[in-house]
Amino acid sequence: MAKPRKPKPEDPKPAHSGAVVRHQKLCLSIDTNLRRIYGYTELEIEVPDIGIVGLHAENLGIESVLVDGEPTDFEYYPRSQSSDIEKRWASAVSSPSSAADVAAAAYITALDTELIPNLLINCCNKMQIEQMNTEPNGVQSSAENVKSVRVNYWVEKMETGIHFEDNVVHTDNQIRRARCWFPCIDDNNQRCCFDLEFTVAHNLVAVSNGSLLYQVLSKYDPPCKTYVYRLDVPVTAQWISLAVGPFEILPDQHNGLISHMCLPPNLPKLRHTVEFFHNAFSEYEQYLDAKFPFGSYNQVFLSPEMAISSSTVGASLCILTSQVLFDEKVIDQTIDTCIKLAFALSRQWFGVYITPEAPNDEWLLDGLAGFLTDLFIKKFLGNNEARYRRYKANCAVCKADDSGATALSSSFACKDLYGTHSIGLLGKIRSWKSVAILQMLEKQMGPDFFKKILQAIICRAQSTTCPVRSLSTKEFRHFANKIGNLERPFLKEFFPRWVGFYGCPVLRMGFSYNKRKNIIELAVLRECTATIDSSVSVLNANPDSENRDGDIGWPGVMTVRVYELDGMSDHPDLPMAGDAWQLLEIACHSKLAARRYQKPKKGSKPDGSDDNGDLPTVDMRSSVDSPLLWIRADPEMEYLAEIHFNQPVQMWINQLEKDEDVVAQAQAITALESLPELSFSVLKALNNFLNDSKAFWRVRIEAALALASTSSEETDMAGLQHLVKFYKSRRFDTDIGLPKPNDFSDFPEYFVLEAIPHAVATIRAADRKSPREAVEFILQLLKYNDNNENPYSDVFWLAALVQSVGELEFGQQRIDRLLQFDRLMPSYNGILTISCIRTLAQIALKLSGFIHLDHVFELIKPFRDSKTIWHVRIEASRALLDLEHHCNGINAALLLFIKYIEEEPSLRGQVKLGVHAMRLCQIQGGSISSEDIKATTLVALLHLLESRIAFNNVFLRHYLFCILQVLAGRSPTLYGVPKEKLPCMGNVEICNEQKNNFGAPVNEIRPPQPQPQPPMGNPSHSNHSHDNLAIPEASKEVDTVSNSHDRKTAVVNIRVKQSATSSKAEEADNGTAERSEGGERSEGRRNHDADRGATSSVSVDAPQRNSAEAVSISNQNIEEVNSFHDHGSRITASIGSAKIASEGDNFGKELQCTADSGNASVHHQPDDPSSPSIIQDNYIDAEAKKYASLQTLSISRDDDPPFQEKEKEKKKKSKKKKDKEKKRKGEEHKGERNDPEYLEKKRLKKEKKHKEKEMARILGEVKAASGELKSKKEETTSLTQMGGNKQEADNMNSSEPPKVVITKLETRTEPTQPTSAPKFRIKIKSKPLSKS
């Protein structure tokens, strides 16, 4: 049994405000006639010590805020859009690449802004402020700091989060959009219970989360009804949902907890659709051995125009589109709807009830929900359906899993993606990969043990004493070891490789049968779908990874299954890790002598085929000279791997005909289809399989498509003849030679026959046109389709025929008759109209050289009318975009796309158009030049990205960002976008204002503090605000070096005083001495040599920085030493090894300052902390605690690069050695760290040792400098440090030689215990210049 972990708080404090919501009540009145929503929310909040609570609120009008029943002050900063976007971006956008950079900056800025609370509430009155000031440290106990905060508000804009459609109101549960219909802490870390009350018209029904407690009918005129719900399970605000409308309620006949609701016209479809649902509900409860975690479960079906996706999941409530409903006449929609409803139910268990502990754990909950869905498919739709779907999903994952965007639980995959990794195709790939990995674990430990793990997770969540409703990858790994009995070494390698790593194994295999030894010699080549170098770097950089060194392999052993004459045997002999090439020997159990074979006739092939692939001639007779029938690798899909197996053609045919596994059959069809030359036996095997009614219908469809792809002039169109003959044998009347009336009573046969016209339409003759027989066959089916006596609908059947017409390559056809017919008698969900529009567009694109496209435009354009159903309108828009792209290019297509987005009323329609526009950009391929797309179009796309339309539709905004990335030839994902290189393109002023909110209340709440000492250095530079640290451009102002420790922090700024002849560009930058290019350093040196004595040139070599971040140095007693130098010597001071605490940030490796000057006196400063040359540590910078310490102050020689590189290598090795020693000593003295005597002894010892080293070094440098003074008479240069008062700064005038000035811009003190002031040391080395 798993060891129970220590209980953790259900609602951990978020980092942004420190507030914790214990309970929230939401009371709203909804008027559908006036389209008004108003009411209040009441939150029971544990207020942080600062006394300020930050909530998220958007599109709301805040009327008043009360704390414990008393009015209080609050500040509300709603989102605002900049009005000068075009002007601001007109100069910045000149190419698709620059537009992609701006789009990334704008997108990330918008996402960052959404994380900041914009409704700030003061939760402390004056009496409490005085009480806090009198208490020590100004801290109150948390038990006395729980407040009841009530916010009275109304919803101003029902554009996102919540929507009005006629007399229906519903929410959409988009990412971070719950704030758009009630104030909350919209964060995944905040979970609480909810009380919900909704007052609506008496003829409407309000459906929400939790259990319906009661309904209250008011006596007002007109009467209203109040629905009261209670949700006892803590959930995040994202899972709160609401649907209001004149719904018909259908209680489930088998389970009283389930209710289904829809609008009145859809009630018959609803009744038929949900007949199966109780089976999925009870199956999940039985498998997990637990009752449904919520008091009830409701499904609400709305019209497709209303929803943003086909299903919207909330706590105990799921809002779906009525498009998934079907009646007893529809066949094709059944499977998809069942799976969709089953998946939505599984998300209630894993995703809503059990939540991820961190963003890196989201894959686990998504995978567990998919795992439950696969269980439902296997039990109620059949094992063949489940295995086939899993096989296809694995194939898709192997093709797409080649970049870090598909790594599931690494900081690279989830950090700074803001939840966008679940959107689009990459989100589906991640979901499929999650399920595959969990199924791999199930195979390793066995289904019973895996079931016990899921039961243990649910059991501890439903515990009455200490429930734990979050799940992490580490905990699941612990369960796999304790309950699943998987060994720790295996798990230690499994999770980093599969979960924290991207890429799938690729195994290429071939074999040779050794008749003398009766063994199989299996050759294996191991590869990876991702590049090995990048894969290794990601794996090693992942902090969660424990396997740092090792070959690129995966844990476990793969099974090879050999089918012989005497039976089948499994050989688990193939390790997943190892050398790239490996040769295995597998023993055979059958003996060839046990069977007798008749020798083949002279001149014939032993297997009846033309060839046997690339195998040697001796292996062509393997069917006679070996007992092998066929061989399979990983037959049970135990691994997510791409396998390429080479075996003779006859063995593939044997596998297709004799293996009953659908995955084996699909693999055999794929192998036979890819053969370079096809024999009669291959076509015969494919045709026989197509005609086998006992075979799985999905694999039979693959056989039909394979026959079509193999049909060519070389095979005399044998594939076309087989397909037509098969269809006519089942659907034609032999007497009259025409199709029979439709009969769809045999569902598997219906699906196979429905795919035949599509397969026939893909066949091409030698001239790349469709054969005449194929054209006549499809047109005959379309002409004589008769569905009068068929009890089932033929809408999908007819739609498939119409799409087949569009896939033909021929002269001309007219589809408009069916198009007009479907307008008079609409088909199910407009399926037939959609097929006609798609076919017309395909024909127009193929025949654009023979027909005028204006006629097609006019034929399709009316279907974009707003009264047309959503699906048809979007298909018409996509067809027109295709035609515009074909005729006028990508620039015109994008302009038309922007117009359609602005006109499209439905959120889901906007998403579909965004996906289609991104595909058009991908079709264009590569990086699109500025000639293909104009800057005005790029600016229009950027304007749309920051518009209200994009804010209202999270998915559309993401696709707009992807479009701009694809135009620049980049990957359509936020993964890999370097934030440090992005320009600041958002509402920075708004962000900074929000950070300075409630300045006065905070100062009142804090206890009185002593006034800070006046700053040292130039007073004109001493008033920099910390809030400006968030602005990237601020890095051009100051280069700051801060000294941070537990209670005391200092900021030291190195500035260079320059002469009038200095660069004007540097002067415009306020004297900035920060440059990243070495060329600028050398240029400054050349200018200095040309004008020696009169002026001094100074160059600073430092990496560019994305923000004015303070680089902190460790709290060490550093003494300043000024050494003697000869006349004309060059001084080089370097500040090295500046490391930032943030992950992956390698900024600030070395800061080099080179100063040359004219005549200057030589000073010897005493070693006195009170001396003005010593930089005092009097300033506490709270922001500097975010950064690591600057470890060393080193000396670099600017004029000797090889020597400098050696010095760097030495410093790196020395630093690693010191770190290891420090870590070892820290472990030894771990128990003494809090002992005052130990700490004092350690400090004195360190100080003494440091002074001894410094004195020895100083004596050596002074002796060396004295010797040089005697031998040479050159210009001396000294490093002068200016004090911290204004008078000394004023004494420096332009007539004096320029000097390197070390100034301290900001000083501040906070009450702390007296400590020795740390000192700043700059080591100096001189190198005399050559006489030349």
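The first residue of the sequence shown is numbered 1, and numbering continues consecutively from there. Everything numeric here is computed off the predicted structure, so don't read it as measured data.
In Glu487, the CD atom is not crowded: 12 or fewer heavy atoms of neighbouring residues, nucleotides or ligands sit closer than 6.0 Å.
Once rounded to the nearest 0.5 Å, the distance linking CG of Leu471 with CG of Leu365 reads 6.0 Å. A distance of 7.0 Å separates CG of Leu288 from CD of Gln455, quoted to the nearest 0.5 Å. The CG atom of Asn481 lies 4.5 Å from the CZ atom of Arg488; values are rounded to the nearest 0.5 Å. A distance of 6.0 Å separates CD in Gln655 from CD in Gln667, rounded to the nearest 0.5 Å. Atom CG in Leu317 sits 8.0 Å away from atom CG in Asn173 (nearest 0.5 Å). Annotation: the span from Asp573 atom CG to Leu522 atom CG amounts to 9.5 Å, rounded to 0.5 Å.
With sequence neighbours excluded, the residues satisfying salt bridge (Lys or Arg N to Asp or Glu O under 4.0 Å) with Lys392 are Glu702. With sequence neighbours left out, the salt bridge (Lys or Arg N to Asp or Glu O under 4.0 Å) criterion links Glu564 to no other residue. With sequence neighbours excluded, the residues forming a side-chain contact (heavy atoms from CB on, under 4.5 Å) with Pro505 are Trp498, Trp554, Met576, Ala641, listed by chain and number. Applying the side-chain contact (heavy atoms from CB on, under 4.5 Å) test to Thr973 and every residue at least two apart in sequence or in another chain returns Ala405, Leu426, Ser971, Tyr975. By the ring-ring contact (aromatic ring centres under 6.0 Å, His included) test, His644 is found to be paired with no residue, residues two or more places apart in sequence or in another chain being considered. Listed by chain and number, the residues in a side-chain contact (heavy atoms from CB on, under 4.5 Å) with Lys474 are Ser472 (sequence neighbours excluded). With sequence neighbours excluded, no residue forms a salt bridge (Lys or Arg N to Asp or Glu O under 4.0 Å) with Glu362. Residues meeting the ring-ring contact (aromatic ring centres under 6.0 Å, His included) test with Phe350, sequence neighbours left out: none. In this structure Phe450 satisfies the ring-ring contact (aromatic ring centres under 6.0 Å, His included) test together with Phe371, sequence neighbours excluded. Qualifying side-chain contact (heavy atoms from CB on, under 4.5 Å) partners for Asp570, counting only residues two or more places apart in sequence or in other chains: Thr559, Arg561, Met568. For Lys428, the salt bridge (Lys or Arg N to Asp or Glu O under 4.0 Å) criterion is met by no residue, not counting sequence neighbours.
Here the side chain of Asp579 pairs no donor or acceptor atom with the backbone of Trp581 at under 3.5 angstrom. Side-chain N or O atoms of Arg176 include one that pairs as donor or acceptor with a backbone N or O of Tyr418 at under 3.5 Å. A donor-acceptor pair under 3.5 Å links the side-chain atoms of Ser282 to the main chain of Asn279, judged by distance alone. Using a distance-only test at 3.5 Å, with no hydrogens or angles considered, no donor-acceptor pair links the side chain of Ser431 to the main chain of Gly427. Here the side chain of Glu642 pairs no donor or acceptor atom with the backbone of Cys504 at under 3.5 angstrom. One N or O on the side chain of Asn514 and one on the backbone of Lys517 form a donor-acceptor pair closer than 3.5 Å. Judged purely by atom type and a 3.5 angstrom limit, Asn654 uses its side chain to pair as donor or acceptor with the backbone of Leu629. Side chain of Gln348 to backbone of Ser316: a donor-acceptor contact under 3.5 angstrom is found. Asn384 contributes no side-chain N or O that, together with a main-chain N or O of Phe696, makes up a donor-acceptor pair within less than 3.5 Å.
No side-chain donor from either of Ser311 and Lys340 sits under 3.5 Å from a side-chain acceptor of the other. Thr373 and Ser346 share a side-chain donor-acceptor pair at under 3.5 Å. Under 3.5 Å, the side chains of Tyr513 and Asn518 contain a donor-acceptor pair of N or O atoms. Remark: the Thr529 side chain and the Asp401 side chain contain no N/O donor-acceptor pair separated by less than 3.5 Å.
The shortest non-hydrogen separation linking Cys318 to Val313 is SG-CG2, 4.4 Å. Across Arg389 and Arg698, no two heavy atoms sit closer than the pair NH1-NH2, 3.9 Å. Taking every heavy atom of both residues into account, Glu357 and Asp361 meet most closely at CB-OD2, 3.6 Å. Nearest approach of Phe449 to Gly484, heavy atoms of both residues: CB-CA, 4.0 Å. Closest heavy-atom contact between Ala290 and Trp349: O-CH2, 3.7 Å. Taking both residues in full, the closest heavy atoms of Trp432 and Ala393 are given as CG-CB, 4.0 Å, listed atom of the first, atom of the second, then distance.
With salt bridges taken as basic N to acidic carboxylate O contacts below 4.0 Å, one links Arg347 and Asp366. Between Asp659 and Arg632 there is a salt bridge, with a side-chain nitrogen of the basic residue lying less than 4.0 Å from a carboxylate oxygen of the acidic one.
With ring centers used as reference points, His958 lies 6.0 Å or more from His421.
Under the 30°/60° scheme for interplanar angles, the aromatic rings of Phe281 and Phe292 are found to be tilted. In this structure, Tyr563 and Trp630 have parallel ring planes: the angle between them is below the 30° cut-off, well short of the 60° mark. Classification of the Phe380-Phe376 ring pair by plane angle, with boundaries at 30° and 60°, yields tilted.
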Would Val468 and Ser463 count as a side chain to side chain contact (heavy atoms under 4.5 Å, CB included) if you check the C-alpha gap in whole Å, the side-chain angles of each, and the deciding distance to 0.1 Å?
CA-CA 8 Å; Val468 179; Ser463 173; over 6 Å; no
Full working for side chain to side chain contact (heavy atoms under 4.5 Å, CB included) between Cys398 and Leu640
CA-CA 8 Å; Cys398 291; Leu640 178 61; 4.1 Å; yes
Is there a side chain to side chain contact (heavy atoms under 4.5 Å, CB included) between Phe490 and Lys492 once you walk through the steps?
CA-CA 5 Å; Phe490 172 80; Lys492 187 177 180 180; over 6 Å; no
Can you list the steps and then say if Ile520 with Val562 is a side chain to side chain contact (heavy atoms under 4.5 Å, CB included)?
CA-CA 10 Å; Ile520 300 172; Val562 180; 3.8 Å; yes
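Residues Val524 and Leu574 are in side-chain contact: their nearest non-hydrogen atoms beyond the backbone lie under 4.5 Å apart. Looking only at side-chain heavy atoms (C-beta outward), Phe294 and Leu257 stay at 4.5 Å or farther from each other. For the pair Ile339 and Leu381, the minimum side-chain heavy-atom distance is below 4.5 Å. In this structure the side chain of Ile586 never reaches within 4.5 angstrom of the side chain of Ile519, judged on heavy atoms.
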Listed pairs under 3.5 Å, donor-acceptor, residues 434-448 side chains, sequence neighbours left out:
| from | atom 1 | to | atom 2 | distance (Å) |
| --- | --- | --- | --- | --- |
| Ser434 | OG | Trp363 | O | 3.4 |
| Ser434 | OG | Arg430 | O | 2.7 |
| Gln439 | OE1 | Arg390 | NE | 3.3 |
| Gln439 | NE2 | Asp374 | OD2 | 2.9 |
| Gln444 | NE2 | Tyr639 | OH | 3.3 |

